There are 2 protein chains.
Amino acid sequence: MALDERRTQAFFALMEAGGLLEMLMEEQLRREGGISYLQFFLLARLAQAPQGRMRMTDLADTVVHSRSGLTYQAGKLEDSGLLRREPSEEDERSVSAVITDEGRQVLEKVLPGHVEVVERGMFDALDDAQAAALADALGAVRDRLRGLTPSSSERRRSRGRG
Amino acid sequence: MALDERRTQAFFALMEAGGLLEMLMEEQLRREGGISYLQFFLLARLAQAPQGRMRMTDLADTVVHSRSGLTYQAGKLEDSGLLRREPSEEDERSVSAVITDEGRQVLEKVLPGHVEVVERGMFDALDDAQAAALADALGAVRDRLRGLTPSSSERRRSRGRG
DNA sequence: TATTGTTATACTCTATAACTATA
DNA sequence: TATAGTTATAGAGTATAACAATA
């Protein structure tokens with residue numbers, strides 16, 4: 001049990017900044033696109049994937065915590081017409097989530113405001129050197145944390161089914 | 001709409017690192033103390049306040065988003081005996097939340113493991129200089145974000161009551 | 001047997017609005 | 001009139017376990 005003053009500051013600042021930023025983004029995305037931050041994230045992942053398509057399991061591992069949680073969110077997005085699901089051809093157990101044209105339109109509509117929130121909230125406070133240092137340090141932290149947290153399928157294996 | 005490569009990296013790393021860290025802490029706190037991260041945060045705030053006591057409104061502004069949300073969490077913590085509420089003497093509208101001895105015990109029980117999670121997850125990846133840079137940059141970001149997000153009482157005034 | 005995805009279900013949490021009481 | 005706190009209520013999200021289908 002150590003954690004000096006600087007590290008304690010860094011930790012609390014990380015948690016609070018992340019939370020506040022998420023709150024601002026949530027508000028902007030809901031207002032301009034009628035979607036949550038999580039839904040935005042899912043759509044953005046799909047949009048940058050080849051053919052706007054990903055297997056449900058792979059998508060679950062990148063964002064949502066349980067598979068049933070992704071089924072729930074995918075259902076909502078499907079109801080809104082922003083995403084569709086279709087059976088995979090190679091593996092008939094699999095389902096692919098595909099972003100629709102309408103989904104891409106919502107993404108485009110929402111993106112400028114989203115970037116603006118991130119710029120104003122996060123980077124107006126930082127110069128280039130600070131931003132670069134932040135990217136390095138947080139990138140290292142994130143990579144380390146990825147190794148410490150189990151994926152959705154690993155968690156499923158170790159407990160029940162989910 | 002700009003946001004160069006480094007800033008984009010910093011942003012995604014911030015959001016993912018914050019989320020992963022919260023997931024690890026949540027697991028540890030639930031397992032060792034039967035409390036959530038939010039409840040841990042509330043208890044920790046009280047513990048460091050004079051006489052372990054804060055007004056409900058002040059407590060709400062530091063952590064929880066709506067007042068009714070704090071009432072809910074305070075009720076849970078009161079049921080577990082980790083906190084009690086008592087009427088304020090100066091202002092009879094106010095209620096003070098006070099951490100109990102049992103609450104302090106849970107905090108002590110849980111703290112070493114909590115610090116360990118933060119150390120292993122966050123700082124094993126960073127040297128002193130990086131940790132200091134992180135504290136500076138994130139502190140600046142947090143301060144800026146605080147100015148952009150309304151407090152619980154401000155939000156209440158601008159909308160309904162809540 | 002293991003994996004993919006869905007579903008049924010129960011639970012936690014959150015927020016809005018209405019309410020009481022005090023300033 | 002404004003503020004402090006609670007409550008009723010309804011909605012969103014989450015996770016566990018059980019399920020069907022395919023590998």
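All values derive from a computational prediction rather than experimental measurement. Atom set for the values below is all heavy atoms of this structure, side chains included, hydrogens, waters and symmetry mates excluded.
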- For B/Q73 and C/dT12, is the shortest distance between a side-chain N/O and OP1 or OP2 below 4.0 Å? no

- Note on the structure: Rounded to whole Å, CG of B/D79 lies from C1' of C/dT12 at a distance of 14 Å

- Could you give the CD-to-C1' distance, from B/E27 to D/dT14, as a whole number of Å? 16 Å

- Item | No-hydrogen, no-angle side-chain donor-acceptor test under 3.5 Å, B/R55 and B/S96 | no

- Rounding to a whole Å, what distance do you find between A/F41:CZ and D/dG13:P? 16 Å

- side-chain contact (heavy atoms from CB on, under 4.5 Å) with B/R30: which residues, sequence neighbours excluded? B/S36

- Dot-bracket summary - DNA chain C, pairs being Watson-Crick or G-U whose distances fall under 3.5 Å, with | when paired to another strand: |||||||||||||||||||||||

- Note on the structure: Among the nucleotides C/dT6, D/dG13, D/dT6, whichever has the atom closest to the side chain of B/M56 is D/dT6

- Query: Ignoring hydrogens and angles, are the base of D/dT14 and the side chain of A/S68 linked by a donor-acceptor pair under 3.5 Å?
  - Reply: no

- Separation of B/E22 atom CD from D/dT14 atom C1', in whole Å? 14 Å

- Note on the structure: Per nearest nucleotide of DNA chain D, the residue lying toward the 5' end, B/T71 or A/L38, is B/T71

- Query: Side-chain contact, heavy-atom cut-off 4.5 Å: B/V141 with A/F123?
  - Reply: no

- Query: Under 4.0 Å between a Lys/Arg side-chain N and an Asp/Glu carboxylate O for A/E32 and A/K109?
  - Reply: no

- Could you check which residues of residues 82-94 of chain A get a heavy atom under 4.0 Å from DNA chain C? Sort them by number, please. A/R85, A/R93, A/S94

- Within this structure, what is the CG-to-C1' distance between B/L70 and D/dA4, rounded to whole angstrom? 12 Å

- Message: Would you say B/R55 places a side-chain N or O within less than 4.0 Å of OP1 or OP2 belonging to D/dA4?
- Response: yes

- Item | Lys/Arg-Asp/Glu bridge criterion (N-O < 4.0 Å) met for A/E86, A/R84 | yes

- From the candidates D/dT7, D/dA12, C/dT7, the one with an atom nearest any side-chain atom of A/Y72 is D/dA12

- A/E26 CD to D/dA12 C1': how many Å, rounded? 11 Å

- Message: With a 4.0 Å cut-off on N to O distance, would you call B/D4 and B/R6 a salt bridge?
- Response: no

- Does a nitrogen or oxygen in the side chain of A/R67 sit under 4.0 Å from OP1 or OP2 of C/dT4? yes

